[in-house]
Each structure stands twice: as structure tokens, then as C-alpha cells.
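Whatever order the structure lists ligands and atoms in, that order sets their numbers, starting from 1. Values below: every heavy atom of this structure, side chains too, minus hydrogens, waters and symmetry copies.
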Amino acid sequence: MSRKPSSVVALYPGSFDPITNGHLDLIQRGSRLVDKLIVSVLRNESKEPLFSVEERTDMLREVVQVYPNVEVDSFDGLLVDHAVARGATVLLRGIRAISDYEYELQMALMNRRQRPEIETIFLMANEAYSFISSRIVKEVASLRGNISGLVPPSVEARLQRRLSKIKHRGA
Ligand code: PNS
């Protein structure tokens, strides 16, 4: 059995298109449990994101700068390979409801099969945000619904700018 490393680095991976207050809450709580937390954005353009990887990492950096042990990067390929490259021994993920569990379990077990030395840790989402996702926030914002309090204010402004640009292009 391997010993606990002297400094625990965790990786919090995701699409973050864009970051929500649910993600931010997880980052804040996760950062208290480890020495360093790296928030890693998946570079996977096949998902047709609203924001580019650079825009997403910019938005993340803006909001996590208040947490001194949190960094932001991006990755391609296998998540566990990126974790090893960054010296992370923990993967952090959030669970909002039982519906998240099946997908998260599948990923955690596959990641464990690839790299048994890396442990996935789940935090339960804050109940205030357990109903939100980037997808639903984008949908409501695109229909001019109220998303205040669900994403950081800087992200809300960017979302509105991006969506109105798309609307004008489509008009
Ligand atoms: O925020 P998301 O979209 O639910 O995050 C999914 C993510 C990025 C964690 C997952 O798609 C991923 O790890 N992709 C990298 C490819 C990989 O390692 N796949 C095997 C894990 S099952």
C-alpha cells in the first residue's frame, strides 16, 4: 500500500461551459481538503461548447483567484494521464442527485482500472445548487430567464453578451 504523499494534489475535471456557482462551491470546499486543487478543463471540441477552452479557463481563473491553492489548466486525452502528469493523486467530482451517480460511478471505476493509485473523491453538491448545470443555465439564459445567483456575476455578463451575439447573428 502506498503512503500518503506529503502534499496532496487533487484534480477537478470537467467541461465548465461555463462555470456555475455549483462548481464554484465545490472548488471552495474541495480546496480546504487538499494542499493544491487543479481545475482542469477538457479540450474536447466535439461537444460544441458555447465558450472556447481559453474563454472557459479565463472565466475560471477570474473567479478562483481568491483561493491561493487553486490553479486552472486544460487537458486532452485520458484524464488519469493528465492527473499523473500534474502529480495529482485525487480526482474530485460533485454529485448533485442520484441521477449523477451512475455516470460518476462508471467514470470512477474506469479511472481506477487505468490508474489504481488515483482515488476519486465525491463531494455532495450544496443543496442550493443541486438543481443546476451549465446546460440548464445556458438554456434559461438563452430564453432570457433569470440566472442571477446561479453563476458568478462576471460569467453572467459574458453569457449574456455571447447569447445576444448569437441571436443577432441568427436574426
Ligand atoms: O463536466 P463533465 O462534462 O461531466 O466532465 C466529464 C469529464 C471531463 C470528467 C470526462 O469526460 C473525462 O474525464 N474525459 C476525459 C477522457 C477520459 O479520461 N475518459 C475516461 C474516463 S471514463
Side-chain angles (χ1 to χ4, degrees), residues 8-31 33-34 36-64 67 70-142 147 150-152 154-156 158-159 162-163:
V8 177
V9 179
L11 206 78
Y12 177 30
S15 304
F16 303 106
D17 185 39
I19 180 176
T20 67
N21 281 346
H23 295 130
L24 194 55
D25 173 69
L26 213 84
I27 292 169
Q28 185 183 16
R29 286 158 52 213
S31 70
L33 304 175
V34 296
K36 181 157 91 176
L37 178 65
I38 304 168
V39 184
S40 286
V41 178
L42 175 65
R43 290 187 167 272
N44 178 2
E45 300 303 328
S46 72
K47 274 197 173 178
E48 290 199 29
L50 182 62
F51 294 102
S52 70
V53 172
E54 284 63 37
E55 288 172 316
R56 283 179 269 157
T57 51
D58 277 359
M59 283 187 269
L60 276 161
R61 285 199 179 100
E62 230 175 279
V63 294
V64 304
Y67 308 114
V70 178
E71 278 182 24
V72 177
D73 75 2
S74 61
F75 75 104
D76 250 337
L78 269 188
L79 171 62
V80 286
D81 288 347
H82 181 58
V84 170
R86 295 297 326 262
T89 54
V90 170
L91 297 174
L92 182 70
R93 292 285 288 175
I95 292 202
R96 290 164 297 191
I98 202 75
S99 49
D100 283 339
Y101 179 77
E102 219 169 305
Y103 170 59
E104 293 298 332
L105 177 68
Q106 200 178 18
M107 279 205 299
L109 295 182
M110 180 54 90
N111 287 332
R112 186 195 284 166
R113 195 180 174 91
Q114 306 299 315
R115 296 275 185 175
E117 70 277 21
I118 297 180
E119 205 61 67
T120 300
I121 293 185
F122 295 110
L123 290 185
M124 297 305 143
N126 184 323
E127 66 276 15
Y129 306 119
S130 63
F131 64 99
I132 61 167
S133 64
S134 300
R135 186 192 59 75
I136 206 166
V137 163
K138 284 184 286 192
E139 183 176 321
V140 171
S142 74
I147 55 157
L150 303 181
V151 293
S154 56
V155 173
E156 186 179 346
R158 279 219 207 203
L159 250 174
R162 174 59 45 90
L163 291 168

What are the polar N/O contacts of ligand 1 with the protein below 3.5 Å, with distances?
residue: ligand 1; atom: 1 (O); partner: Ser15; partner atom: N; Å: 3.0
residue: ligand 1; atom: 3 (O); partner: Ser15; partner atom: OG; Å: 2.6
residue: ligand 1; atom: 3 (O); partner: Lys47; partner atom: NZ; Å: 2.8
residue: ligand 1; atom: 4 (O); partner: Arg93; partner atom: NH2; Å: 3.0
residue: ligand 1; atom: 5 (O); partner: Arg93; partner atom: NH1; Å: 3.4
residue: ligand 1; atom: 18 (O); partner: Leu79; partner atom: N; Å: 2.8

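- When each of Leu60, Val39, Val63 is tested with Val70 by the rule side chain to side chain contact (heavy atoms under 4.5 Å, CB included), just one qualifies, namely Val39.
- Looking at heavy atoms from C-beta onward, Val9 lies out of side-chain contact with Arg86 at the 4.5 angstrom threshold.
- Counting all heavy atoms, side chain and backbone alike, Asn126 lies closest to Asp25 at CB-OD2, 3.1 Å.
- Put simply, OG on Ser15 and CG on Leu42 are 5.5 Å apart, with the number rounded to the nearest 0.5 Å.
- The two residues Ser142 and Leu163 make their nearest non-hydrogen contact at N-CD1, 3.6 Å.
- Residues Lys138 and Asp17 form a side-chain contact, since some pair of their non-hydrogen atoms from C-beta on lies under 4.5 Å apart.
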